[in-house]
Structures are given as C-alpha cells and as structure tokens.
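Report on one structure; see the data block that follows.
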Amino acid sequence: MADISVKLPDGSKRELPAGSTAADLAKAIGSRLAKAAVIAVVDGLERDLTTSLHDGAEVAIITDTSDTGLHTIRHSTAHVLAQAVLELFPGSTNAIGPAVENGFYYDFALPGNATFSAEDLSRIDAQMREIMAADQPFVRGELSATEALDVFRDFPYKCEIIERTAKKVADDDGLDAGEVSADGIVSFYRNSDSFLDMCLGPHVPSTGRLGHFALQRVAGAYWRGDHTRPMLQRIYGTAWATKKDLEAYLHRLEEAAKRDHRKLAAELDLVSWPDELGPGLAVWHPKGAMVRKQMEDYSRDRHVNGGYSIVYSPHIARSVLWETSGHLGFYKDSMYPAMELDEGVKYYPKPMNCPFHILIYKSQQRSYRELPIRLYELGTVYRYELSGAVHGLMRIRGFTQDDSHIFCTREMVADEIASLLDFVLDVLRSFGFTDFQAKLSTRPRDKSVGEDDMWELATDALREALAGAGLDYTIDSGGGAFYGPKIDVDVKDAIGRSWQLSTIQLDFNMPARFGMEYIGADGQAHQPVMIHRALFGSVERFFGVLLEHFAGAFPAWLAPVHASVLPVASAHEAYASEVVADLRSRGFRVELHEADEQLGKRIRNAKLQKHPYVLVVGEDDVEHRTVGVNPRGGEVERGVALGVFGDRLAADLAARR
RNA sequence: GCCCGAGUAGCUCAGUCGGUAGAGCGAUUCACUCGUAAUGAAUAGGUCCGCGGUUCAAUUCCGCGCUCGGGCUCCA
C-alpha cells in the first residue's frame, strides 16, 4: 500500500502507511505521546484520534495537558454522565452537556418532573465509573437531519436543536453546545448498544481514558437559559487529566471558600446581615466601617483632585421624577414599591442617583464655558433584586454607589471618556488590582429609549475610547442600560476570579427627557451629553471583592486596626497605654490588649484578626521605650524604638502597603 | 421569581429510628502575670428558625412560611 506524508506542527514531515489514523501517527511518534493523546487537530479542525489521515494533511496531536485536551476530557465526561443518568433513570431525557471552565454540566428532564437527590448523585457517580471501567469506545456516526429526527424522536430537546439548525434559524445565543454542524449533517457518538448521543465531537477514544472527575451539585437551569421555558435538572461536575490535578482543584475550591467575604466578614467583625433587616440589607460594624471610611475618603480625595464636585441627594423622590427619567417605564421591576402619602402622592426609594444630579445641573442656566460639569456622590440606592440573586455584599438590595455624572458637549465626549477610563484604571490599581477586562454593551433588544442614530453615535464613542486606552474588551450584544450603551470593567482578584466593578455609561436620552440645556458659543441652547460612571460600582461590592482579594489581610492603609499592643504582663500595662497613646497621636489605629490572658493566646487572637502589626511590650521595652514588632507575614523584631516603628508604619501608609 | 439543599448555645458542629438535648471554641468568675499563634478550674448559656397538622407526646414526621447556601435568570 502506498505511503502518505503528513506535516507536523514543528514543520517536519512523517511517512505513514495509507489508511493510518491520527492515533497511528501518535503511536509512530512515541508511546508516551500515544498515551497522552486525546484528539488530533487535522488541517485546523479538531478530530477524533480514529480519523483517517490523508496525504499532505497538517496534523497536531492534542494531549491532555493542553486546554483543548482538557476541554475534550470534560466534554466526554459529560457524555458519560448522560449515559449513566439515562441508564439509571428510565424515561429521562437529556438536553445539552457542554464543558465549562474547570468542568462540565449536563441538563436533564426526569419523568414526572422528578428531581435528583444527593444520593442520586453518588449512584450516578458509581455508574459513571463502571462505564469508564468498561472502556467503551466513542464511535462517531453521521445522519441527515431527517434521519436524526427519527433516531432522537424520544428526545424532544435534541429534536429541537436539530430543527433549529436544520431551519438555519439564526442562533446568536451560543446555546447549541456544538451538537450539530452548520451543514445540516447531524453527528452522533455511540458508546454502547444502549447509548448514543448527538454531538459534534470530538471525543476521547474511549471511556477508559476518563476517570478523574467529581460530581459536584444539582441545580435547576432553564432550558436554553430562558426563564419562560421548562426548568431542567442540571448536574455540575469537574474533570481533570490526572488524580493530582483533580485533588489540586478541589483544594483550590476549599481555599477559595476560606476567603469567602461572608465568612471573613463574620470572623473579622466587619459586617452582618441581621434577619430583622430583610434579605440583601447589611449593617456595618465598627471595623468594617473603618475600612469603608478609608475607601470612601480615598475615593473622595481622588475625585476632588480629578475635577469632580461632591454633591448629596435624598433617598426618596416623588413619582413624577421617575416618570420623567423613564425608570417607572423601564426599571420598575427592580424598584422598591412606592410609599403613598399626602393624599395619594407616591414617593419611591431611589434605584439610581442620576435624576438628582440632573436636577442639580438644571438648578441654573449653564454655559458651555462651565462644561464639563462632573458631579460625584456616594449615593445609597435601593433595588429590589430577585430573592435568588441576593448574595452577601456582592449582590445586595441597599447599596452605595460612588456615582458620578458628567455633563459635557458632544465634542467633549471622546476625550472625556478616554480620560475617564484612565482615571478608573488608575484608582483601581491603587487598590492592588492589575488585571482588567472590559466589556462593551450595546442597545438592549426590547426595553430601551432613544433613536437608533443616537445609540450608534454613543456606542462608537465608547468603542473609540476602549481602543484608545488599549484595553482588551468583549462585546455584550444587547447588554446596555435602557438609556444608553456602556463599558463595564472587570478586575481579576488574587486567585484569578473575575468581578464586575466599574461601569461607564453614555446617555443621550436622559438629557432629552429632562430638557437639559447649555448655552453654546453661538448663543443658542444645546443639549448636553451625560456620562454615568461608577468606579467601585458599589462600595459594598468593592469592599467584598477587596476582602476576598486580600483574604481579610487588608493593606495597612485600609486595615481597620494598624497594630495591637500587648503588654507581656500587667506590670507593663501602663507603658503599653503610653505606646497606644503615642501611636494614636500620630494618627494610627491602635488597640490595647490587656494582660488578662497568656501572651501566646493574645498573640494568636491578634494574629487571627489579620491586622498588619502585633506589638509586644515587656520589661526591656519599658526600660528603653521600645516595642517588639511582630509583623503580619514577617519575622519578629525585638527592641524597635517606638518612634522608628511609627515611621515604618507611616511609610506603609504613604505607600498604600 | 424558578430548581435543589440547609436552619440545634454567641460561633463551628454532633445528636434524638417521636419521650423537650451535647462537645469544642467564645462569654462570665476564680487562680495563674507569662517575651511572640490556644494555662487550668468552675459557672452561665437553648421556644432545637416560625406557624399549623398528625400523635398520649414533635426539635425529630407532614404542610405552609421565613432566612441562608448552590445554581438559572438578572446585575453594581
């Protein structure tokens, strides 16, 4: 038989017997590669290892160490999950089961709208391991759409996917999970006589290639993510190439749980959510409030230096304001209901600060010479979030925005947005964030106000600003606010999680609704453009993100307490008090822990509070006016002169360490 | 709002196959006064989330509600 020649990623060529598969190629290159191989990329397309190679093909063997390889392992594990569920739960039907970050899920409908229990999960897990032990091959096949509809006639969700694709229905919601190719050919994989699943593939060669997985939880999920459609039963799992990787991942989850801001808020006595207040409402304890004060003071200073004017506004306003702004038309579902007083006059708690700032603008006639006007308020708003959405400080019903509204001319918009982005990123960097990702959100499909050309103009301005700032961004089609498009900035925290914080929103609409004007150089009245901008987003969420980012160990400039002073014994308490008074007089936040318990115990307790310094003072220190410095994460140093320690702490604060 | 799970001392949790409950930490008191991550002893502390139902008897079983957690949707 004639040989074929294939090209490898390093540019080298390799001769193989005709009819060789990608698996044969891997074997020919080396036994270790053959063992690690998961799929192949042939001429740029992901294929099963069983794919026959043609002469001249460019082939890369993908192993389980690559992202693509891991993705395949997770996807294949999801299929085994589906097989196990269909075997254990007669009459159940499967929907979609893609790989996701770190794992996979699969959605099912059980007969009679039954649900999975925790015990079901362990049964399913056991069944999956049997399927893997049986080492069933993933065998690919192809059908026409018509044939597929017959084969999958008992699987209504599969049929819906086939029909949607067959009709070439425009699908921009990305939920087809790669089960059907665009050309109307339906591919499927058969693992055994009793199980086949529709899928584009590729898959690992056989179920024996899998095994380092864990089923994690059951959740409800709407079919196609649409809350008007049936709720399916979703099983989430994680899967990895090796047992070690799986264990490392599970360990990472435990570590992340330790930094949960709700847990730390309780341990460090920062914030609580008393039931008496209702869901999504928090109270700030003294230590949490001190951290918040530092954040707010810094924010205020930066804004004043950045050309903003501080303003204040009330928490409620008459319904007419919200009618004018459009909130009652487009945002009412998220607003707390009205208080009705004074013979039927309705007052609504504010869900946003913008209408108030507009009224401040409108309090007098404005000239183009005054623009841009930048108003800034730490404004507390109330939003009636869905009960299931409320989450600690990250999603809360009463929260404070570091809210700015910038009023400028159309000509100023591009420069203003560009400098705004710089300002936002610079302030975020001051808090220790370095990794940013932006998102540009365009006009919502259903609820929005304004003319198309306005939206286009606004969206273009934002796009240009992003390009100018050199920031990576994605497009969220239809994700804009009802009054305009926006840029959202996400930050990555210390353990790689992404949080949506800042938002910059362009608004040509509200100025029109409120009839805002300025007198231009031409002596004529013009309409200003409005930019809504929150930098922290919400002070509460930002605090929560900082808390998790630093795992409770705030840098000194934010820390609620800089140092705890511990006298070795009661005899040293008088000197300890002097140390406290001295440091406080220099503006430091210091606590005295009297000698009512053993020193080791008090040190431990102080350390658990994660404050930057523990100071121990004993006989030697009384004599020499020194302190023993035990820094967070550092080595103990005895006999440091009190003034020297104060200088060191002052340096930390100045450098925002 | 929807699906699943949970709610026992201030905290973390055990327990009762239906007969009103227990540990550690914390608190209080006493003793110890100690040089860098847990001294010892004693004491107090609970409508077992709430309301109904079943039962001689409910923290336990059932129903409803509230709150929290994990998701979906939504979002700063």
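Lettering of chains follows the sequences in order, A, B, ..., and the numbering in each one begins at 1. All values reported here derive from a predicted model rather than from experimental measurement.
- Of the C1' atoms belonging to B:U12 and B:A27, the separation is 16 Å, rounded to the nearest Å.
- Rounding to the nearest 0.5 Å gives a distance of 13.0 Å between CG of A:Asn353 and OH of A:Tyr312.
- RNA chain B is contacted by no residue of residues 421-432 of chain A, taking any non-hydrogen atom closer than 4.0 Å.
- Residues satisfying the side-chain contact (heavy atoms from CB on, under 4.5 Å) criterion with A:Ala221, sequence neighbours excluded, are A:Asp107, A:Arg234.
- Legend: ring pair (Phe, Tyr, Trp, His ring centres under 6.0 Å) pairs involving residues 481-506 of chain A, not counting sequence neighbours, sorted by first then second residue: A:His327-A:Phe482, A:Phe330-A:Phe482, A:Tyr483-A:His532.
- In terms of the side-chain contact (heavy atoms from CB on, under 4.5 Å) criterion, residue partners of A:Tyr249 (sequence neighbours excluded) are, by chain and number, A:Asn102, A:Gln216, A:Thr238, A:Trp240, A:Arg252, A:Leu253.
- Between B:C13 and B:A6, the two P atoms lie 14 Å apart (nearest whole Å).
- Atom name P, nucleotides B:C2 and B:C11: the rounded distance is 29 Å, in whole Å.
- Applying the side-chain contact (heavy atoms from CB on, under 4.5 Å) criterion to A:Asp226, with sequence neighbours excluded, gives A:Thr228, A:Arg229.
- Between A:Glu594 atom CD and B:C32 atom P the separation is 17 Å, expressed in whole Å.
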Under 3.5 Å, N/O pairs linking protein and nucleotides 10-13 of chain B:
none

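- The side chain to side chain donor-acceptor pair (under 3.5 Å) pairs that include a residue from residues 627-636 of chain A are A:Lys607-A:Asn630, where partners are two or more places apart or lie in different chains.
- Under the 4.5 Å side-chain criterion, counting only non-hydrogen atoms from C-beta, A:Arg383 is not in contact with A:Met335.
- With both ends at atom C1', the span from B:U20 to B:U16 equals 11 Å, rounded to whole Å.
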**Report entry** Sequence-aligned protein contact record of nucleotides 66-76 of chain B, with B where the base is within under 4.0 Å of a protein heavy atom and S where only the sugar-phosphate is
**Finding:** -SSSBBBBBBB
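- Within the structure, salt bridge (charged side-chain N to carboxylate O under 4.0 Å, His left out) contacts touching residues 570-579 of chain A (residues at least two apart or in different chains) are A:Glu578-A:Arg625.
- Residue pairs satisfying the salt bridge (charged side-chain N to carboxylate O under 4.0 Å, His left out) criterion with at least one member in residues 265-274 of chain A, sequence neighbours excluded, are listed as follows: A:Lys263-A:Glu267.
- A cation-pi geometry, defined here as NZ or CZ lying under 6.0 Å from the six-membered ring centre and within 45° of its normal, does not hold between A:Lys610 and A:Phe554.
- Annotation: A:His405 is not in aromatic contact with A:Tyr376 [ring centroid separation under 6.0 Å not met].
- Every side-chain contact (heavy atoms from CB on, under 4.5 Å) that A:Ala239 has, sequence neighbours left out, goes to A:Ile73, A:Arg74, A:Thr77, A:Phe104, A:Phe213.
- When the C1' atom is used for both B:U59 and B:U8, the distance is 7 Å, rounded to whole Å.
- Taking atom C1' on both B:G63 and B:C56, the two are 22 Å apart, rounded to the nearest angstrom.
- One C1' atom belongs to B:A57, the other to B:G53, and the distance between them is 15 Å to the nearest Å.
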Query raised in the report: Which parts of nucleotides 36-44 of chain B does protein reach within less than 4.0 Å, heavy atoms only, written one letter per nucleotide 5' to 3' as B for base, S for sugar-phosphate only and - for none?
Result: BBBB-----
